Amino acid sequence: MVSTRIDIDALLERERAHLRRVTPHEAAQAVAREGALLVDIRYAALRERDGVIPGALVVERNELEWRMDPQCAHRAPETTDHDRLVIVVCNEGYASSLAARSLQALGLHRATDLIGGFQAWAAEDLPVSR
């Protein structure tokens with residue numbers, strides 16, 4: 001059996017082709033207009049250093065699928081159904097793309113991620129709690 005190997009850049013490109021990624025301002029508008037859920041997957045040290053987006057659900061990456069699956073007994077209360085727009089936020093917008101695709105595989109068909117991650121959000125002077 002011949003295996004096809006790709007590097008991380010090719011993997012990101014392939015997976016991002018299935019996402020409608022959003023800018024920080026688009027994410028803020030989606031939260032305000034339609035109740036989109038921002039999910040911050042950054043680890044604690046980054047949240048402590050840089051702050052958090054007010055109202056974002058913090059779910060560390062290693063728990064994401066269990067906390068976000070509407071059918072899982074361990075889901076977060078904010079995880080209400082498969083139709084909710086979920087916007088995954090990491091530090092710079094790389095890991096969030098792969099995480100969003102994982103959520104899509106669980107049936108969260110509107111899952112996507114934030115272009116540039118938390119750093120882009122903060123650079124746009126959008127709200128951050130420290």
Side-chain angles (χ1 to χ4, degrees):
M1 179 175 179
V2 177
S3 68
T4 303
R5 295 182 184 188
I6 61 173
D7 65 12
I8 187 60
D9 294 326
L11 176 64
L12 273 170
E13 183 178 338
R14 182 184 76 191
E15 297 305 313
R16 284 176 172 169
H18 300 279
L19 299 172
R20 190 203 159 283
R21 303 180 76 215
V22 296
T23 67
H25 287 286
E26 290 171 331
Q29 290 173 352
V31 169
R33 290 184 182 156
E34 63 178 288
L37 178 62
L38 296 178
V39 180
D40 187 342
I41 64 169
R42 294 174 303 141
Y43 53 90
L46 288 176
R47 295 191 313 270
E48 290 168 9
R49 182 189 78 191
D50 297 334
V52 295
I53 299 169
L57 174 65
V58 174
V59 178
E60 299 239 354
R61 177 64 188 97
N62 64 323
E63 298 178 356
L64 183 67
E65 289 80 2
W66 288 268
R67 303 284 289 150
M68 297 306 301
D69 181 355
Q71 298 176 354
C72 182
H74 303 289
R75 74 181 176 276
E78 296 86 347
T79 306
T80 54
D81 61 58
H82 287 91
D83 292 324
R84 189 168 189 188
L85 175 58
V86 174
I87 303 169
V88 182
V89 180
C90 69
N91 196 48
E92 295 181 341
Y94 296 99
S96 57
S97 295
L98 300 177
R101 285 292 289 146
S102 180
L103 294 181
Q104 286 182 349
L106 287 174
L108 294 160
H109 63 99
R110 297 183 68 204
T112 191
D113 75 319
L114 182 65
I115 298 168
F118 179 87
Q119 295 305 320
W121 178 279
E124 292 290 328
D125 291 323
L126 291 164
V128 172
S129 296
R130 300 201 182 265

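Everything numeric here is computed off the predicted structure, so don't read it as measured data.
Cluster membership check: Phe118 does not share its hydrophobic cluster with Leu57, using side-chain heavy-atom separations under 4.5 Å among Ile, Leu, Val, Met, Phe, Trp and Tyr. Hydrophobic clustering (side-chain heavy atoms under 4.5 Å, transitive across Ile, Leu, Val, Met, Phe, Trp, Tyr) groups Val59 together with Leu103. Hydrophobic cluster membership is shared by Leu106 and Ile41, with clusters built from Ile, Leu, Val, Met, Phe, Trp and Tyr side chains linked at under 4.5 angstrom.
The two residues Val39 and Val86 make their nearest non-hydrogen contact at CG2-CG1, 3.7 Å. When all heavy atoms of Ala100 and Leu19 are compared, the closest pair comes out as CB-CD2, 3.9 Å. Between Leu114 and Ala27, the closest heavy-atom pair is CD1-CB, 3.8 Å. Taking every heavy atom of both residues into account, Ile115 and Thr23 meet most closely at CD1-N, 4.2 Å. Counting all heavy atoms, side chain and backbone alike, Thr80 lies closest to Pro77 at CG2-O, 3.9 Å. For the residue pair Val128 and Asp50, the shortest heavy atom distance occurs at CG1-O, 3.5 Å.
Between Ile53 and Leu126 there is no side-chain heavy-atom pair separated by less than 4.5 Å. Residues Ile87 and Glu26 have side chains not in contact (no heavy-atom distance under 4.5 Å, counting atoms from C-beta outward). Side-chain contact between Glu15 and Ser97 is absent, with no heavy atoms from C-beta onward closer than 4.5 Å. Counting heavy atoms from C-beta outward, Glu48 and Tyr43 have side chains that stay 4.5 Å or more apart.
When the shell of 6.0 Å around CD of Glu13 is examined, it contains 12 or fewer heavy atoms from other residues, nucleotides or ligands. Other residues, nucleotides and ligands place no more than 12 heavy atoms under 6.0 Å from the CZ atom of Arg33. By the neighbour-count criterion of 12 heavy atoms within 6.0 Å, atom NE2 of His74 is sparsely surrounded, having that number or fewer from other residues, nucleotides or ligands.
Here Arg21 pairs with Asp113 in a salt bridge; the nearest charged N to carboxylate O distance falls below 4.0 Å.
A distance of 8.0 Å separates NE2 of His25 from CG of Asp125, quoted to the nearest 0.5 Å. Here the straight-line distance linking atom CG of Asp81 with atom CD of Gln71 works out to 11.0 Å at 0.5 Å rounding. For the atom pair CD (Glu60) and CG (Asp40), the distance works out to 9.0 Å, reported to the nearest 0.5 Å. Atom CD of Glu34 is separated from atom CD of Gln29 by 10.5 Å, given to the nearest 0.5 angstrom.
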Applying side chain to side chain contact (heavy atoms under 4.5 Å, CB included) to Met68 and Val88, what does each step give before you reach the verdict? CA-CA 11 Å; Met68 297 306 301; Val88 182; over 6 Å; no
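Formation of a donor-acceptor pair under 3.5 Å by the Arg61 side chain with backbone atoms of Cys90 is not found in this model. One N or O on the side chain of Gln104 and one on the backbone of Ala111 form a donor-acceptor pair closer than 3.5 Å. A donor-acceptor pair is defined here as one N or O able to donate and one able to accept, closer than 3.5 Å; no such pair exists between the side chain of Trp121 and the backbone of Gly116. Without hydrogens or angle criteria, Arg42 side chain to Val89 main chain gives no donor-acceptor distance under 3.5 Å. Side-chain atoms of Arg110 do not come within 3.5 Å of backbone N or O of Arg84 as any donor-acceptor pair.
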